[in-house]
Participant: 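One structure, as structure tokens, below. Some questions next.
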Amino acid sequence: MTARAGATGATAKTARARTAKAGTATPKADGVAAKAVAADTATAVSGKLVTYREAMREALREALIRDERVFIMGEDVGRYGGCYAVTLGLLEEFGPERIRDTPLSESAFVGAGIGAALAGMRPIVEIMTVNFSLLALDQILNNAATLLHMSGGQFNVPLVIRMATGAGRQVAAQHSHSLEGWFAHIPGLRILTPATLADARGMLWTALEDPDPVLIFEHGALYNMSGMLDPAATPVDIGTAAIRRPGRDLTIVAYGGTLAKALTAADQLSADGVAAEVIDLRTLRPLDDATIMESVRRTHRVVIADEGWRSGSLSAEVAARITEQAFYDLDAPIERVCTAEVPIPYAWHLEEAALPQPATIVAAARRAVG
Amino acid sequence: MTARAGATGATAKTARARTAKAGTATPKADGVAAKAVAADTATAVSGKLVTYREAMREALREALIRDERVFIMGEDVGRYGGCYAVTLGLLEEFGPERIRDTPLSESAFVGAGIGAALAGMRPIVEIMTVNFSLLALDQILNNAATLLHMSGGQFNVPLVIRMATGAGRQVAAQHSHSLEGWFAHIPGLRILTPATLADARGMLWTALEDPDPVLIFEHGALYNMSGMLDPAATPVDIGTAAIRRPGRDLTIVAYGGTLAKALTAADQLSADGVAAEVIDLRTLRPLDDATIMESVRRTHRVVIADEGWRSGSLSAEVAARITEQAFYDLDAPIERVCTAEVPIPYAWHLEEAALPQPATIVAAARRAVG
Amino acid sequence: MTGQPRQPAATPQPASGDAAHRRELLREMVRIRRFEERCVELYSAAKIRGFLHLYIGEEAVAVGVCQALAPADSIVSTYREHGHALARGVEMDSLMAEMYAKVTGCSRGRGGSMHLFDTSHRFYGGNAIVGGGLPLAVGLALADRMRGAGRVTACFFGDGAVAEGEFHECMNLAALWELPVLFCCENNLYAMGTALNRAQAETDLAARAGSYGMVAWAVDGMDVIAVEHAARRGAEAVRGGGGPHFLELRTYRFRAHSMYDPDRYRDKSEIERWKARDPIDALAAQMKQHGEITDDDVEALEQGIAAEISRAIEAAEVAAIEPVEDLTRFVYSPRPA
Amino acid sequence: MTGQPRQPAATPQPASGDAAHRRELLREMVRIRRFEERCVELYSAAKIRGFLHLYIGEEAVAVGVCQALAPADSIVSTYREHGHALARGVEMDSLMAEMYAKVTGCSRGRGGSMHLFDTSHRFYGGNAIVGGGLPLAVGLALADRMRGAGRVTACFFGDGAVAEGEFHECMNLAALWELPVLFCCENNLYAMGTALNRAQAETDLAARAGSYGMVAWAVDGMDVIAVEHAARRGAEAVRGGGGPHFLELRTYRFRAHSMYDPDRYRDKSEIERWKARDPIDALAAQMKQHGEITDDDVEALEQGIAAEISRAIEAAEVAAIEPVEDLTRFVYSPRPA
Ligand SMILES: Cc1ncc(C[n+]2csc(CCOP(=O)(O)OP(=O)(O)O)c2C)c(N)n1
Ligand SMILES: Cc1ncc(C[n+]2csc(CCOP(=O)(O)OP(=O)(O)O)c2C)c(N)n1
Ligand SMILES: [Mg+2]
Ligand SMILES: [Mg+2]
């Protein structure tokens with residue numbers, strides 16, 4: 001525990017200073033939120049062309065360089081280069097002690113990450129995909145999320161767990177889950193869903209600075225997304241939502257894999273003269289109620305796009321909170337666009353029909369404003 | 001597979017006939033719903049004094065007698081008599097082939113239950129408590145719930161899984177979970193939460209008749225609940241909610257462990273002249289929207305009492321649905337009374353403060369009607 | 001506690017008795033090989049999508065093991081399952097249609113390459129969670145055991161699965177309850193990019209299984225005759241009430257893990273060494289040497305298979321897809337009236 | 001792959017060299033016994049609530065193992081942990097206050113009997129999910145190994161945990177990476193009501209551990225001297241870079257599994273047989289025989305312990321409880337400013 005506060009304390013402080021300066025941070029105050037989007041857009045034209053995968057890799061490299069307590073552990077993160085090639089080249093650069101290939105033992109290596117974090121390391125554990133995270137869920141819930149409270153504040157767990165999530169590539173029922181909503185149910189965790197290059201690049205260091213366990217869900221469809229990214233853009237805040245597109249007629253709440261779809265839907269709606277505001281939740285736990293409610297108070301109509309199965313998805317929590325906190329501001333029932341309640345089928349047309357799509361978001365928006 | 005339709009087909013038919021006749025069934029039509037409560041109450045005065053535990057045991061015995069494909073498998077279900085003594089005596093009556101003690105291997109024996117169900121048996125798997133179910137969650141989600149659809153309708157899984165759930169006995173963070181809401185997120189499953197003696201007695205056989213996997217969550221605080229139960233009362237329908245107490249001023253939605261608290265709250269409210277209607281969800285998946293909405297359309301105000309942690313709990317789904325389906329009938333924001341977002345502490349006063357209580361339900365109800 | 005005491009393994013039946021049988025083995029292996037080779041082309045043409053895991057190089061395992069199984073026996077498989085399905089007798093048409101995501105596919109297009117199912121062949125499907133099929137096999141065997149069905153459940157899984165907790169739990173349960181499972185561990189030395197010796201402290205997987213007190217052998221998985229022999233011996237022992245048996249089938253995949261894998265982690269020379277032991281070439285050479293098959297025979301066999309594959313593709317091409325309205329069909333069984 | 005080759009175990013240090021040390025061992029065991037006996041009374045008086053799992057009969061294990069540990073070493077425990085905590089040096093006051101759910105408790109009343117934690121003694125807590133502590137121990141050891149800390153992590157768990165998949169995964173990982181863990185398996189022959197031989201195909205748990213290629217011994221867990229000796233040998237080997245070591249400590253719980261357990265599944269005669277091997281009586285008898293302790297010494301020792309327990313109870317009785325307003329404190333760490 002002491003190691004955390006000791007030797008590398010300076011590193012941590014530097015990082016905090018940087019966080020405060022970073023242009024891509026998304027402050028909570030309303031007026032500024034729009035500026036954050038502008039900043040994001042600005043970054044996107046002046047920087048270097050990178051993919052989401054590369055942005056994530058660069059964040060990992062930076063962490064490994066900045067903090068010697070950081071190491072990466074997971075299945076095929078080393079020799080193979082990561083099942084999504086995120087960690088490609090890191091083994092060669094940092095060696096097998098810090099880039100650790102594990103056996104197929106999700107519970108053991110996630111739990112070992114918790115243990116190493118307890119001992120003051122800063123492990124980044126990669127679970128290939130959320131589909132296999134169930135095998136480690138006991139460790140995450142009953143140890144990572146619980147130890148601090150259960151020990152009366154003695155043992156914190158500065159662990160980062162990354163995993164891919166989501167459907168859309170015809171890999172069928174067992175490989176297409178979107179279960180981040182479950183993790184967002186667990187007190188003691190922070191749940192991040194980077195959906196932009198800046199967040200892919202910037203969330204990791206902030207997560208590593210966090211004294212408590214942070215889970216990062218990377219939607220599989222995002223890895224090949226590319227765009228311009230300021231090479232200087234580093235840490236971003238976590239815990240706030242961002243308005244990715246301002247609008248006055250309705251609020252579309254999205255995150256991770258649904259953000260791009262929501263933005264496409266907003267484009268289509270604007271052609272019809274409907275100005276949709278698009279919120280990227282960014283952090284699923286804690287949810288940034290303030291940003292959501294402020295938007296709803298302006299637009300009075302809400303669509304939530306969530307790739308989870310509808311019943312019991314995160315969208316339900318967002319809807320419930322809006323009804324609790326902005327009930328009298330609502331002019332129409334909240335619409336949810338979620339995944340159909342079906343194991344995701346292999347067939348392309350069935351998978352497409354099962355998932356939220358720009359067209360279904362547009363249709364929901366029309367119902368909401370209609 | 002053939003065994004299911006074959007040899008014991010007659011048994012199944014008899015059971016269906018009985019279901020239809022059973023007085024404790026809770027039909028969906030509105031007017032009749034109130035009658036169901038009356039029926040339930042009637043049963044409660046004319047029968048035999050039993051505990052919830054005994055009602056459940058009697059249901060298990062009946063199943064073992066009626067259908068030779070039924071067997072029970074789980075940790076300490078045999079020699080020990082079940083960690084809540086539900087299966088006490090069954091080993092002696094039915095022998096070790098049908099009452100199978102398993103090693104501490106949640107994933108293997110739950111998965112083995114799925115396999116045996118695929119082969120045409122009717123396993124009843126007991127997971128001691130929901131706290132250990134995470135170790136079997138992969139099998140439940142990726143196999144039990146998924147095989148039928150993924151196989152294009154070829155392989156159904158007629159499995160029943162029982163487990164205890166809930167907090168309230170000072171057994172601390174790792175033994176106090178209420179995760180039934182997670183299971184209710186999974187397409188392909190049915191989730192039951194018997195909260196009355198009649199349901200403890202009657203839901204099992206209906207679950208066993210179901211061709212698909214059914215999970216039964218028994219709140220640990222209920223096992224010692226006792227009351228009169230008609231010895232003839234057998235199967236009850238699953239899939240409908242029941243109005244346990246009629247009222248016109250607001251609707252309190254509860255299930256499992258919160259039902260008794262909701263009823264107590266309703267008593268207190270009625271002393272103040274507030275007539276609360278109490279709905280027992282009974283089945284968390286599929287949710288009986290019709291019964292809920294019909295009530296909301298009469299009362300216009302809602303409190304949901306759920307022992308899950310608030311964010312992402314089942315209460316969120318219920319609230320979201322009400323906002324979607326009965327938005328214009330609501331006169332006040334929906335109130336949710338849930339467990340505080342904290343690992344359940346050992347200390348009695350902290351645990352009490354963490355959980356929904358009659359007093360907090362009453363307070364929420366006052367806000368709703370106020 | 002669950003019945004009969006462990007019996008000595010039954011005397012193995014004479015395996016692969018005659019040339020006709022060997023020709024059949026060869027044909028089965030070639031059939032799997034050619035099927036998958038066409039699948040690669042179809043994947044490039046985007047006719048097949050999602051994950052595609054090839055069995056090329058490992059055909060002797062599926063073909064050899066399936067010889068030992070009776071129609072009433074059950075099979076549990078993995079995501080690398082085309083070989084298991086074909087060797088088991090699942091019709092190629094329904095398999096190809098499944099890869100094409102057509103309603104005529106063995107899983108009506110819902111499963112794809114990783115999730116082939118077929119009740120009529122008691123093929124309990126491909127499982128894409130590593131180790132996830134093991135408990136199903138244990139449960140199928142438990143049911144058979146409780147009913148005295150005299151059936152065997154063959155359960156395929158890879159070396160990687162051996163590291164999963166599920167493996168341990170299932171070995172223990174099967175051994176403890178003496179269940180009729182034939183565990184078939186396809187040890188191809190890699191779990192994706194992770195070599196066995198970088199993943200497991202005990203690399204002798206038969207020894208690992210033996211530590212649960214079950215009979216376990218390591219078998220040359222590149223020799224279909226050896227596989228068949230061992231599988232027959234194992235299956236008969238299991239069927240005779242001898243409890244679970246374990247075969248470690250030492251094999252190698254000639255191709256990358258999946259179509260996404262650039263295969264950076266293996267030496268070309270290692271791959272070449274194993275390719276020199278190609279199970280098809282080996283059997284064909286042996287048969288030719290003994291005059292059991294001619295080049296013309298091989299040619300005829302190839303043509304027959306090519307024709308079967310073409311027919312399967314043609315049928316898949318024109319087959320219908322499941323109507324979108326039926327998306328949520330089969331999430332639950334039809335309710336009894 | 002992770003560094004130094006496996007070394008032969010270091011020469012064991014002479015254990016329990018003198019009478020004073022043996023008196024200390026006795027005192028520690030009696031201290032645990034009397035503490036728990038009072039806990040039973042306090043449970044009946046509803047001062048202690050929730051689950052309470054007694055270690056009575058197994059004291060030699062905790063006391064013997066903890067002799068081998070240095071202050072910088074770490075401990076991971078289970079829900080049956082009073083013995084581990086006391087033997088490790090966690091103050092009895094803070095332990096009793098925890099059972100009383102007071103803010104002065106070692107977990108501020110949030111943990112209770114099953115979740116004792118103490119940073120200052122590197123006591124990483126009681127874990128109430130069977131097997132759940134094993135990966136933590138592996139991770140603590142991994143951190144130590146990566147930093148060359150020369151520390152040992154002692155990990156306690158029961159025979160029941162050996163059946164869990166987690167056990168398998170952790171044994172493999174620890175052995176593969178040669179991590180400095182001393183696995184201490186408390187084999188008391190039962191997991192709740194399930195006897196070891198009805199739960200596991202391989203009942204020789206040291207052999208099971210050995211199958212992962214780690215050094216494993218079975219030790220008489222009723223003999224504190226034998227336990228200390230084995231633990232020292234194991235801990236030194238681990239500390240010297242010899243990779244994980246495994247002790248199967250053969251013991252027995254004299255009481256029921258928990259306060260809820262009517263203990264229907266064990267023969268009274270079996271319990272009596274084991275009680276005849278009470279580790280406290282055994283050591284005391286031996287010491288008396290060798291004239292290392294007198295009845296007066298024992299009496300004094302008992303009085304000292306009784307006084308310590310009384311003080312702990314008194315302090316717990318009057319201690320404050322956590323204010324309800326602090327319910328959600330410690331769900332997250334205080335944020336950096
Ligand atoms: C529980 C789980 N973890 C990770 C994966 C991703 N994955 C798919 S196949 C595979 C390798 C499995 O290797 P092995 O068992 O040896 O089978 P092989 O592919 O060699 O036939 C991995 C890691 C998975 N499907 N399931
Ligand atoms: C994963 C899990 N399953 C079931 C339980 C319930 N349970 C608590 S202790 C116990 C028995 C454990 O036996 P063993 O590991 O031998 O330890 P002992 O109690 O004998 O010290 C069981 C089944 C649990 N806590 N965790
Ligand atoms: Mg392999
Ligand atoms: Mg035990």
Participant: Is it true that a side-chain atom of Gln139(B) and a backbone atom of Gly132(C) form a donor plus acceptor pair closer than 3.5 Å?
Facilitator: yes

Participant: Let me know if Leu135(B) has heavy atoms under 4.5 Å from chain C in its side chain, its backbone, both or neither.
Facilitator: neither

Participant: Do the side chains of Arg110(C) and Met150(B) get nearer than 4.5 Å, heavy atoms only?
Facilitator: no

Participant: So which of Gly152(B), Gly153(B), Pro103(B), Pro123(B) has the biggest tally of heavy-atom pairs under 4.5 Å with chain C?
Facilitator: Gly152(B)

Participant: Out of Met146(C), His168(C), Glu98(C), Arg108(C), return the one with the most heavy atom pairs under 4.5 angstrom to chain B.
Facilitator: Met146(C)

Participant: Tell me, side chain or backbone of Asp118(C) under 4.5 Å from chain B's heavy atoms, or both, or neither?
Facilitator: both

Participant: At what distance, to the nearest 0.5 angstrom, does OG1 of Thr119(C) lie from CZ of Phe155(B)?
Facilitator: 5.0 Å

Participant: Would you say the side chain of Arg335(C) lies within less than 4.5 Å of the side chain of Pro211(B), judging by non-hydrogen atoms?
Facilitator: yes

Participant: Heavy-atom distance under 4.5 Å to chain B: side chain of Ile129(C), backbone, both or neither?
Facilitator: side chain

Participant: Look at the side chain of His149(B) and the backbone N and O of Leu327(C), then say whether any donor-acceptor pair between them is shorter than 3.5 Å.
Facilitator: yes

Participant: Chain C heavy atoms under 4.5 Å from Leu159(B): which part of the residue, side chain, backbone, both or neither?
Facilitator: neither

Participant: Classify the side-chain pair Glu169(C)/Ser107(B) by whether it contains a donor and acceptor separated by less than 3.5 Å.
Facilitator: no

Participant: Between chain B and each of Gly139(C), Gly131(C), Gly126(C), Gly111(C), count heavy-atom pairs under 4.5 Å; write down the option with the most.
Facilitator: Gly139(C)

Participant: Could you check if a side-chain atom of Pro135(C) sits within less than 4.5 angstrom of a side-chain atom of Val110(B), using non-hydrogen atoms only?
Facilitator: no

Participant: Where does Phe123(C) contact chain B at under 4.5 Å (heavy atoms): side chain, backbone, both or neither?
Facilitator: backbone

Participant: Minimum heavy-atom separation for Gly115(B) to Leu140(C), with atom names?
Facilitator: O-CD2, 3.5 Å

Participant: Using a cut-off of under 4.5 Å on heavy-atom pairs, state which of Asn143(B), Asn142(B), Ile114(B) scores highest against chain C.
Facilitator: Asn143(B)

Participant: Assess whether side chain to side chain contact (heavy atoms under 4.5 Å, CB included) is satisfied between Arg100(B) and Leu142(C), documenting all intermediate values.
Facilitator: CA-CA 11 Å; Arg100(B) 299 193 153 252; Leu142(C) 173 60; 3.5 Å; yes

Participant: Looking at every non-hydrogen atom in both residues, tell me the closest pair between Tyr332(C) and Leu148(B) and how far apart they are.
Facilitator: C-CD2, 3.5 Å

Participant: Using non-hydrogen atoms and a 4.5 Å limit, figure out which bit of Thr102(B) sits close to chain C: side chain, backbone, both or neither.
Facilitator: both

Participant: For Ser151(B) and Phe117(C), which heavy atoms make the closest approach, and how far apart are they?
Facilitator: CB-CG, 3.4 Å

Participant: Roughly how far, to the nearest 0.5 Å, is CD of Glu106(B) from CD of Glu166(C)?
Facilitator: 11.5 Å

Participant: Might you point out which heavy atoms bring Met121(B) and Ala143(C) nearest each other, and give the distance in Å?
Facilitator: CG-CB, 3.5 Å

Participant: Check each of Val157(B), Asp212(B), Asp210(B) against Ser333(C) using the side chain to side chain contact (heavy atoms under 4.5 Å, CB included) test, and report the only one that passes.
Facilitator: Asp212(B)

Participant: Do you know which two heavy atoms are closest between Gly111(B) and Leu136(C), and how far apart they sit?
Facilitator: O-CD2, 3.8 Å

Participant: Counting only N and O atoms by type, is there a donor-acceptor contact under 3.5 Å from the side chain of Gln154(B) to the main-chain atoms of Cys106(C)?
Facilitator: yes

